[in-house]
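Keep in mind that what you see is a predicted model, and the values were worked out from it rather than measured. Numbers here simply count residues along the sequence, with the first being 1.
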Amino acid sequence: MKETIIELLEAAGTQLKQQGILPADAPLTVKVEPTKDKAHGDYASNLALTLAKPAGRKPRDLAEALVAALPPSDAIRQVDIAGPGFINFFAATDAAAQVVPAILDAGDTFGRSLSGAGEKVQVEFVSANPTGPLHVGHGRGAAIGDCLCRLLEATGFEVTREFYYNDAGAQIQNLALSVQARVQGLTPDDAAWPEDGYRGAYINDVAQAYLAGETVVADDRDVTASAAPDDLDAIRDFAVAYLRREQDLDLKAFGVAFDVYFLESSLYDDGKVDATVKALVEGGHTYEEDGATWLRTTDFGDDKDRVMRKKDGGYTYFLPDVAYHLDKWQRGFTTVINEQGADHHSTVTRVRAGLQALEAGIPQGWPDYVLHQMVLVTRSGVEVKLSKRAGSYVTLRDLIDEVGRDATRFFLAARRSDSQLTFDIDLARSQSNDNPVYYIQYAHARVCSVMRRAQDAGQAFDRDLAMQHLGRLDAPQEKELMNRLARYPEVVERAARMREPQQVAQYLMDLAADFHTCYNAVKVMVEDDELRNARLALGLATRQVIRNGLDLMGVSAPEEM
C-alpha cells in the first residue's frame, strides 16, 4: 500500500510539472508514513509541504493540486487534506486485504529482500577474553550481534560471523597463575593468591580438570593436560582451551554460532603485528619519546597521540587491534561491523586512526561499530550482582537457566543498544501480557489453537474460499491488523539498514497487540463459511509474520502454551 501511494504521488507531481505548477527541476522525494490516528486515514504524506517553497505556493493549495492530479486507484477509498497541507490516504478494504495472500504465498520468505545484492559483510561480536564464563554483557552483545546478522542475511547480504579471542596479554597470564595456584592447593583466601588472580569457582573446575589429565577439544585444537603443577605454559594452554570450550557451549545454548574464530596470538605468530609496526614506522607516522614508540593518531582525528610500543618492548592493546582490522580488510570485507560493549568507545577513534596511518586504501570511518550499554539484572526489584560460579558477576548461563533462551535473547535485544537495560528476571519468567515474549508467542499459539478447533469442528480452512472473500474483512480491528502486516517488509529493511534489531522486537509487540485486540473484538468461528475462512486466512497471515519476525530475533514460535 505504501509503495502504491508513493507511485500515485509521483505521478501527480509529474503531472503538475507538465502543467507548470511545479518547476521541472523540483525534487519529487515522496515520504509516506503510517498515521498515528486512524481517524486521519491509514497513511499520510507531507509532500505538499516540502514542495511549497520551490512551487511558490501555499502548502494547502499545492496539496489540493496534488490530490486533483492523483491517478484513479482502486486501492484508495478516500483522500483528505489535513492541517497545513498533509495528504491523508484511506486504503480500500479489498486493497488492504491483498497483503494476506501475499504473506501466505511467500511463507517464510515474506519480508526478505535482495537489497544487499550479495555484498560481503563481516560482523564481529561477543569476542570475550577466554578468562571466565560469559557475563550478561557478553550475552547482550551475542543477542544483538546475532540478530543483526540475521537481519543482514534477510536483506540479501552475505554475512560472516566472527569471534576474536584475546588469548594473549596480562589477563591470560593472570588466568594461568590463578589456575596454577589452585593446582598447588591454594584458595583465594590464602595470602599467596595472585594479586590480580581470578577468584570464581570455575578456576577450581579448570584446576581439577588439569590435574585429572583431561583432554579439551577447542575450536581449532585438542589440548591434553599434563597435570604438572609447575608447568605454567601447559597450564595456560589448557586453561584457555577449557574456557574457550565453556564459552562455546554457553553460546550454543544461546543459539549463537560463528563462522570464524580468530586468535589474537595468531597475529603475533604470523608476524602481522610486527608487519603493522613496520608499515607505520616507514609511513612516517611514529616517533620515539620517553623510551616508548608513539603513533601520531592526532593526524587522523584522535584527541592525543597514542603509545603503541611500551618502554618494556611490549605492545599496547590497540596495536594488535589495528593489525587485526587490517587483516579483515585484506580478507575482502569492505563492510565490517563490530558489536561491542560501550566500554570500547575509546578504541573506535584510535583503531580508525591507526588504519588510516597505514595508508592501505581503507576508507575513513571504517569499520562500523554498534556499541551496547551495560545490563542491570534484578529480582524482586533488587539488583542481582553475583554468580556462585563466576564469583563476581551474573553469567549468561545464569539467565538462560533462570528464564530460558527465548526470554533471555528477546530481553537483551529488544532495547536500543545505546540504552542501559534492566533485565527483570521476575518479568521474564512471568506468563502474563506484561511479558513481551509471552505476549508475542501467545499470539502465535492462539492462531494455532483456532486452526485446531476449526479442524476438529469439521470446518477446516478453505483457502480458495477465503481468497474470494477477503473484502469482508472490513472491521476496523481487521483493517488495522492488515495494515500492520503490510509494514513488516519495510521494518525489516529499515532495521537492517539502521542496524537496530530492536525495531523488529517493537514491531512484533505492536503486531501482537493488534492481533489480540482483533481476536477479542471479532469472532472467528462463525457459521458463515465465507467470513470464517477469510478471518482464518488473516490469522494464518499474522501467524506467519510473527514466526518470521521471531526467527530474526532467534526466538521460537510455539504452537501451544
Side-chain angles (χ1 to χ4, degrees), residues 126-135 138-139 142 162-254 256-270 272-273 314-315 317 320 324 387-393 395-398 400:
V126 184
S127 294
N129 294 335
T131 54
L134 298 175
H135 56 60
H138 295 135
E162 185 150 316
F163 190 120
Y164 178 66
Y165 277 114
N166 297 96
D167 64 333
Q171 294 183 74
I172 299 300
Q173 183 70 1
N174 290 333
L175 171 68
L177 291 172
S178 303
V179 174
Q180 184 182 51
R182 270 295 193 177
V183 166
Q184 295 173 345
L186 299 177
T187 72
D189 296 327
D190 292 324
W193 188 261
E195 181 179 356
D196 295 320
Y198 295 95
R199 299 171 176 271
Y202 69 92
I203 294 295
N204 188 51
D205 295 340
V206 179
Q208 295 306 311
Y210 178 79
L211 289 172
E214 289 186 12
T215 297
V216 173
V217 179
D219 175 65
D220 60 345
R221 70 191 69 182
D222 297 352
V223 179
T224 300
S226 69
D230 298 323
D231 190 341
L232 188 61
D233 289 339
I235 291 173
R236 181 188 300 106
D237 290 345
F238 180 81
V240 169
Y242 185 99
L243 290 170
R244 282 178 60 190
R245 182 187 65 180
E246 289 297 297
Q247 290 181 356
D248 190 47
L249 291 173
D250 285 348
L251 289 168
K252 286 180 179 177
F254 203 43
V256 175
F258 290 87
D259 303 302
V260 176
Y261 290 91
F262 195 104
L263 302 182
E264 180 187 359
S265 58
S266 71
L267 295 169
Y268 295 92
D269 296 341
D270 297 341
K272 292 181 178 179
V273 171
Y315 295 118
Y317 68 90
Y324 173 46
S387 161
K388 181 178 179 181
R389 185 161 187 268
S392 59
Y393 56 84
T395 69
L396 174 60
R397 176 66 73 167
D398 291 334
I400 297 173

Quiz item: Mind checking what makes side chain to side chain donor-acceptor pair (under 3.5 Å) contact with Thr395, not counting sequence neighbours?
Solution: Asp398

Quiz prompt | Contact check, side chains of Gln173 and Leu232, non-hydrogen atoms, under 4.5 Å | solution = yes

Exercise. Specify whether His138 and His135 have parallel, tilted or perpendicular ring planes, treating 30° as the upper limit for parallel and 60° as the lower limit for perpendicular.
Key: parallel

Quiz item: How far does CG of Asn129 sit from CG of Leu175, to the nearest 0.5 angstrom?
Solution: 10.0 Å

Exercise. Find the distance between OG1 (Thr224) and CG (Asp237) and round it off to the nearest 0.5 Å.
Key: 11.5 Å

Quiz item: Who are the side-chain contact (heavy atoms from CB on, under 4.5 Å) partners of Ala142, not counting sequence neighbours?
Solution: Val126, Leu251, Phe254, Val256

Quiz item: Considering residues at least two apart in sequence or located in another chain, which fulfil the salt bridge (charged side-chain N to carboxylate O under 4.0 Å, His left out) criterion with Asp250?
Solution: Arg397

Quiz item: At their closest point, which heavy atom of Gly132 faces which heavy atom of Gln247, and how far apart are they?
Solution: O-NE2, 3.0 Å

Quiz item: Which atom pair, heavy atoms only, marks the closest approach of Arg245 to Thr215?
Solution: NH1-O, 4.2 Å

Quiz prompt | Gap between atom CG of Leu186 and atom CD of Gln180 - 0.5 Å precision | solution = 9.5 Å

Quiz item: Which heavy atom in Leu396 sits nearest to a heavy atom in Gly139, and how many Å separate them?
Solution: CD1-CA, 3.8 Å

Quiz item: Do Lys272 and Pro320 have side-chain heavy atoms sitting under 4.5 Å apart?
Solution: no

Exercise. Please list, chain by chain and in numerical order, all residues satisfying side chain to side chain donor-acceptor pair (under 3.5 Å) with Ser266, sequence neighbours excluded.
Key: none

Quiz item: Is any side-chain heavy atom of Leu177 closer than 4.5 Å to a side-chain heavy atom of Ile235?
Solution: no

Quiz item: With Leu211, which residues qualify under side-chain contact (heavy atoms from CB on, under 4.5 Å), at least two apart?
Solution: Val183, Gln208

Quiz item: Does anything in residues 176-195 pair up under ring-ring contact (aromatic ring centres under 6.0 Å, His included), and if so which pairs, sequence neighbours excluded?
Solution: none

Self-check item: Residue list, side chain to side chain donor-acceptor pair (under 3.5 Å) with Tyr317, at least two apart or on another chain
Solution: Arg350

Exercise. Go through the steps to decide whether Asp248 and Phe163 satisfy the test side chain to side chain contact (heavy atoms under 4.5 Å, CB included), and finish with yes or no.
Key: CA-CA 10 Å; Asp248 190 47; Phe163 190 120; over 6 Å; no

Quiz item: Is there a donor-acceptor contact under 3.5 Å from the side chain of Tyr393 to the main chain of Pro133?
Solution: yes

Practice problem: Sequence neighbours left out, what passes salt bridge (charged side-chain N to carboxylate O under 4.0 Å, His left out) with Arg244? Give chain and number order. | Solution: Asp220

Practice problem: Might you point out which heavy atoms bring Ala209 and Ala225 nearest each other, and give the distance in Å? | Solution: O-CB, 4.2 Å

Practice problem: Please list, chain by chain and in numerical order, all residues satisfying side-chain contact (heavy atoms from CB on, under 4.5 Å) with Asp167, sequence neighbours excluded. | Solution: Pro130, Val240, Leu263, Glu264, Ser265

Quiz item: Any idea which heavy atoms bring Phe238 and Glu214 closest together, and the distance?
Solution: CE1-O, 3.4 Å

Quiz item: Are Tyr242 and Val179 side-chain neighbours, meaning at least one heavy-atom pair lies under 4.5 Å?
Solution: no

Quiz item: Sequence neighbours excluded, which residues qualify as side-chain contact (heavy atoms from CB on, under 4.5 Å) partners of Asp233?
Solution: Asp231, Arg236

Self-check item: Heavy-atom pair with the smallest gap, counting every atom of Tyr202 and Thr131
Solution: OH-O, 2.6 Å

Quiz prompt | Atom pair CD1 (Ile400) and CG (Leu134), whose distance is rounded to the nearest 0.5 Å | solution = 9.0 Å

Quiz prompt | ring pair (Phe, Tyr, Trp, His ring centres under 6.0 Å) against Tyr164, all qualifying residues, sequence neighbours excluded | solution = Tyr324

Quiz item: What pairs of residues pass the salt bridge (Lys or Arg N to Asp or Glu O under 4.0 Å) test when at least one of them lies in residues 190-212, not counting sequence neighbours?
Solution: Asp205-Arg389

Self-check item: Heavy-atom donor-acceptor pair, Tyr198 side chain to Ala176 backbone, under 3.5 Å
Solution: no

